[in-house]
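Report on one structure; see the data block that follows.
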Amino acid sequence: MCGIVGLFIKDKSLEPRLGAMLSDMLGTMCDRGPDSAGFAVYGAPKAGEAKITVQSATPAADFAGLDGALAEAVGAKVSISVKDTHAVLAVPADKVAEARAALTRLRPSVRVMGVGEAIEIYKEVGYPTQVSKRFALAGMTGTHGIGHTRMATESAVTTLGAHPFSTGADECLVHNGSLSNHNNLRRELKHDGMSFETENDTEVAAAYLTWRMNQGLNLGEALEKSLDDLDGFYTFVVGTKNGFGVLRDPIACKPAVLAETDQYVAFGSEYRALVNLPGIENARVWEPEPSTVYFWER
Amino acid sequence: MPKVDLARTSLRELNQTLHGLKAGVNETDWEVVNPKGSHAVAVGVDAPVTVEIKGSVGYYCAGMNKEATIVVHGSAGPGVAENMMSGEVRIKGDASQYAGATGKGGLLVIEGNAASRCGISMKGIDIVVKGNIGHMSAFMAQSGNLVVCGNAGDALGDSIYEARLFVRGKVKSLGADCIEKEMRPEHLEILAGLLAKAGIEDAKPEEFKRYGSARKLYNFNIDNADAY
C-alpha cells in the first residue's frame, strides 16, 4: 500500500509549522505502511552554502569530529548538526563534490541521503511515528516537504530502501505502487552514467527524473516524459528546490487526494491525512486525474 | 436523534450499534459527526433507518447497505456503497474510485463528481452522478442503470454485459463492446424516474444519450480477439 503525504506552503506565516503539520499527516498514514518511513524537508537556503544529509548505522563513531576532518579536507568551514542516525553537514556550495569525495575516504560507512541547498532527508526502518519522533520532524520549519510510510514490496526493508529517494541536488521522490520495468530502465540509466544504491524500483523513478532534468527539462516536463517510459502502478510526489509535483499512472488505482487553499497545497494518499490542516473545510479537494502532471512552483 | 461522535466513539462501536438496529426500531434517524475520513463508516446496515454523516469519509462507506438511507455531507473515499443491496446512499460531495462497485440494488446518488471505475461490475444498482465520472466506469457492468449528468472518462462500459448507461455530456471514449443505443420511450421513462428519485431537476431525459452492450463479446469469437 504505502502512504504518501506532501505539503507545499504558499503563505509564509505557515512555514514555521511545516514540520508539525507534516508529522501529523505522516502519523495518520502509519497503517498504510508500517515498515519504514522517511521525509524530506526544504528549509530556507543560505547563500553560498550547501547541505549534505548523511546517515550512519554507528552515528557516535562516524559523526564525532566529522566536521573538523571534512573542513581540513576541503579547506573551508564545515558545520555539522546531528539528529539521531542522521547528520546535516553545511559546506560551501562550491565544495560539495570535494566534500563528498572526502566523506567516502574519511567515513566509508556513512551514506549520503541527499544533497542540495534547501533539502534535508531523514529516513529509517521502524514505525513511522517513531521515525518522525527520532528526527524531531514536528519542530522543523521550511517551505515544503514530503513524507512516506512504506509497506515494502519491491525490495528489502532497509534504511536505504526507505523513501524519499534523492538522486539529484535538491530533488526527491516518494512513490506508492510498483514499477514493472525498473530493471531494464536501471540498466539503461546506468549506461548513461547514473548510479544506484539499491535494488528499489522507486530509486529508478527518482533517477529517471534526475536524468531527464539533467537533459534540461523542468520537473513538469520530466514527469510528462515518465508517462511514456515508466511502466507499472505509481502515484509520485516529487520535490525540487522550489517545486512540488504529483503524477499518477494511466490506470490510477493507487489512491491520491490533493487539497489547495490560498495558504498551501497538500497531498495525501487518503483524505484522512489532511483533516487537521488549517482551513481544510474550505479547501478545494480533488482526486488527481490519471496521466496528468500537477506541478507548483514558487 | 441519536448522535454518534467518532472523535469519542470507536468506529466498531458505531457499526455494532447500527448492526443491532432491526426493522421497526423506534430510533430511525442517526447522526454521525467527526468522521474525518475514517474507513468503513456505516458498513453493513440492515434496517430502514437514516444515517446522516456530517463530514467526509474514507474507504468503503455504506458498503453492503440494505434498507438504510445513508447521507454523507462531504466527500467519500474509494469503494463507497460497494455491493449495496437496497436502500439509498447519497454523497453530497465527490466520490473516489469504484463507487457503487458490484452493487445489486438500491440507489446511489453522487451530487459531485465520481472518479474512475464508477459502477464497476454493477449488478442491479442504480447510480446517479450529478457531475462527471472517471475512466473505466461501468467496466463489466451486468445490470442496473448508471446516469451521468456531466461527462464520462475513457473506456466507458468496457466489456459491458447488460446495464444501461445514460450520459448527458461528452463521453471521452467507449470501451470494448460498448455502443451508443437508441433512446426509446421506455428508456426516457426509466431515466425520468431515476432523475426524480435522485432529486435532480435541472436535467431533462431528452438531453441524455444511452449506451449499452453490443453483445459481441458474449461468446468467444476469433474475429473479436483483439477486443477481449
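Because only heavy atoms are used, hydrogens play no part in the values below, and waters and symmetry mates are left out as well, while side chains stay in. Numbered from 1 within each chain, the chains take letters A, B, ... in sequence-line order.
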* To do: Between chain A and each of B/Ser56, B/Ser116, B/Gly112, count heavy-atom pairs under 4.5 Å; write down the option with the most.
  => B/Ser56

* Asked: Out of B/Ser96, B/Ala115, B/Gly58, which one racks up the most heavy-atom pairs below 4.5 Å with chain A?
  ->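 Heavy-atom pairs under 4.5 Å are most numerous for B/Ser96.
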
* To do: Among A/Pro290, A/Ala273, A/Pro250, single out the residue with the greatest number of heavy-atom pairs under 4.5 Å to chain B.
  =>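 Counting heavy-atom pairs under 4.5 Å, the top option is A/Pro290.
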
* chain B contact via A/Val285 - which portion, at a heavy-atom distance below 4.5 Å -> backbone

* Go through the atoms of A/Ile280 and report whether side chain, backbone, both or neither lie under 4.5 Å from a heavy atom of chain B. => neither

* To do: Please work out which of the three classes, parallel, tilted or perpendicular, describes the rings of A/Tyr234 and A/Phe236, given edges at 30° and 60°.
  =>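 Parallel: the ring planes of A/Phe236 and A/Tyr234 meet at under 30°.
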
* Asked: So which of A/Trp296, A/Tyr294, A/Trp286 actually passes side-chain hydrogen bond (donor to acceptor under 3.5 Å, both in side chains) with A/Glu260?
  ->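 Exactly one option meets the side-chain hydrogen bond (donor to acceptor under 3.5 Å, both in side chains) with A/Glu260, and it is A/Trp296.
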
* Asked: For B/Glu52, which of B/Arg90, B/His73, B/Lys3 qualifies under side-chain hydrogen bond (donor to acceptor under 3.5 Å, both in side chains)?
  ->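 Exactly one pass, corresponding to B/His73.
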
* Do A/Phe135 and A/Tyr122 have their ring centres less than 6.0 Å from each other? -> yes

* **Side-chain touch A/Phe39/A/Ser23, heavy atoms, less than 4.5 angstrom** =>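 Result no, sub-4.5 Å side-chain heavy-atom pair not found.
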
* To do: May I ask you to establish whether A/Arg298 and A/Phe8 are in a cation-pi arrangement, using a distance under 6.0 Å from NZ or CZ to the six-membered ring centre and at most 45° from the ring axis?
  => yes

* **Region of B/Ser38 that comes under 4.5 Å of a non-hydrogen atom in chain A** =>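 Just the backbone, heavy atoms under 4.5 Å.
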
* **Contacting moiety of B/Tyr59, where chain A heavy atoms sit under 4.5 Å** =>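 B/Tyr59 touches chain A through side-chain heavy atoms alone.
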
